[in-house]
Q: 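A single structure is presented below for examination.
Below, read A as the first sequence line, B as the second, and so on, with proteins coming before strands; counting in each chain starts at 1. When reading the values below, keep in mind they use all heavy atoms of this one structure, side chains included, and skip hydrogens, waters and symmetry mates. Computed from a predicted structure; not experimentally measured.
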Amino acid sequence: MSDKNNRIPFDEDNYTHNINRNNERKLDRRGFMKTIVGAAGVFAVSSLPWGAVAAKELMGLGDKEYPHKKIADLNKIAVGEAVDFKFPGEHDDAILIRLSEEKFVAYNSACTHLQCPVFWQKEKGEMLCPCHHGKFDVETGAPTAGPPRRPLPTIEVKVDKGAVYAVRVKRYES
Amino acid sequence: MNRKHIYFGILLVCLALNIVFTQKMVHQFKFENYENAIIFCVLNLIVFPIALFVYKSDKKQKV
Ligand code: FES
């Protein structure tokens, strides 16, 4: 076939039905199967990091202790107000809400649906995710409406000498 | 139902399993059940050789 390409015009008088359709359907099917196998490969490779991180997490089991971190001074937060802070890492957004004189709750504020930042709605008394209207219970962090299915990770806080400190991220009870 | 359709079906099942396992793996990971996350990860890894094997055996068949 390819040697014909160099001879112009090559001796072929069939210009309209010159596509060789033999086995085309079969190739289609096989090509598709190849794609599925490729997809399986991609799935396999992309699940590796999850497994690796999970394994790492298992090795260093137990409550990870982070250095306690000061969130805010007591007199800076009015009852019913919320402050944003970072805990445990520099890039982990968290939110602290003062529910009453001495009741504080803190959560990791990345929505458990697709990681949008959850914010505190004082008037409604609930936490709202702006992305798809997921709602969370302030007392427990449990999802109450919208797409999220997993509670927000709770951050333990303690009050010490007129300031609020983040202590640790609570593990889920299974 | 001839042979090639069966191979095709098995591959489709593999794809479905991949999706299910991945979903489960991510959820178990987020729930901090790391053992289960690893199990699903391994399952996901196992599906690939199976799919490859099925594909190869399909190729070996007479056209
Ligand atoms: S990201 Fe929060 S509801 Fe979708």
Q: Any chain of hydrophobic side-chain contacts (each under 4.5 Å) joining Ile77(A) to Val79(A)?
A: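 The answer is no; the residues belong to distinct hydrophobic clusters.
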Q: Atom NZ of Lys59(B) and atom CE of Met33(A): how far apart are they, to the nearest 0.5 Å?
A: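 Result: 11.0 Å between the selected atoms.
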Q: Side chain, backbone, both or neither: which part of Phe40(B) has a heavy atom under 4.5 Å from chain A?
A: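 The answer is neither part of Phe40(B).
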Q: How would you list all residue pairs meeting disulfide bond (SG atoms under 2.5 Å apart) that involve residues 77-130 of chain A, not counting sequence neighbours?
A: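 The answer is Cys116(A)-Cys131(A).
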Q: Taking the side chain from Arg30(A) and the backbone from Asp58(B), do they hold a donor-acceptor pair closer than 3.5 Å?
A: yes
Q: So for atom NZ, which belongs to Lys158(A), do other residues, nucleotides or ligands contribute more than 12 heavy atoms lying within a distance under 6.0 Å?
A: yes
Q: Treating Ile, Leu, Val, Met, Phe, Trp and Tyr as nodes and any side-chain heavy-atom pair under 4.5 angstrom as an edge, say whether Ile50(B) and Met25(B) lie in one connected cluster.
A: yes
Q: For Lys86(A), does the NZ atom sit with more than 12 other heavy atoms under 6.0 Å from it, leaving out its own atoms?
A: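 More than 12 heavy atoms, drawn from other residues, nucleotides or ligands, come within 6.0 Å of this atom.
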Q: Would you list the atom pairs, donor with acceptor, under 3.5 Å between side chains in residues 10-19 of chain B and any protein atom, with sequence neighbours excluded?
A:
| unit_1 | atom_1 | unit_2 | atom_2 | d |
| --- | --- | --- | --- | --- |
| Asn18(B) | ND2 | Asn44(B) | OD1 | 2.6 |

Q: Please say whether more than 12 non-hydrogen atoms of neighbouring residues, nucleotides or ligands are located less than 6.0 Å from CZ in Phe53(B).
A: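 No, the 6.0 Å shell around CZ holds no more than 12 heavy atoms from other groups.
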Q: Do the ring planes of Phe29(B) and Trp50(A) sit parallel (below 30°), tilted (30 to 60°) or perpendicular (above 60°)?
A: perpendicular
Q: By the rule that ILVMFWY residues connect when side-chain heavy atoms come within less than 4.5 angstrom, directly or transitively, which residues belong alongside Ile95(A)?
A: Ile97(A), Leu99(A), Val105(A), Tyr107(A), Val118(A), Trp120(A), Met127(A), Phe136(A), Val138(A), Leu152(A)
Q: Check for me, please, whether Val54(B) and Phe32(A) land in the same ILVMFWY cluster - side-chain distances under 4.5 Å, paths through other members count.
A: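 Per the 4.5 Å side-chain linkage, Val54(B) and Phe32(A) are co-clustered.
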Q: On a heavy-atom basis, which atom in Ala54(A) and which in Ala37(B) lie closest, and how many Å separate them?
A: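 Minimum heavy-atom separation between Ala54(A) and Ala37(B): CB-CB, 4.2 Å.
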Q: Heavy atom to heavy atom, less than 4.5 Å: which residues from residues 37-46 of chain A reach chain B?
A: Val37(A), Ala39(A), Ala40(A), Gly41(A), Phe43(A), Ala44(A)
Q: With rounding to the nearest 0.5 Å, note down the distance linking CZ in Phe8(B) to CD1 in Ile36(A).
A: 5.5 Å
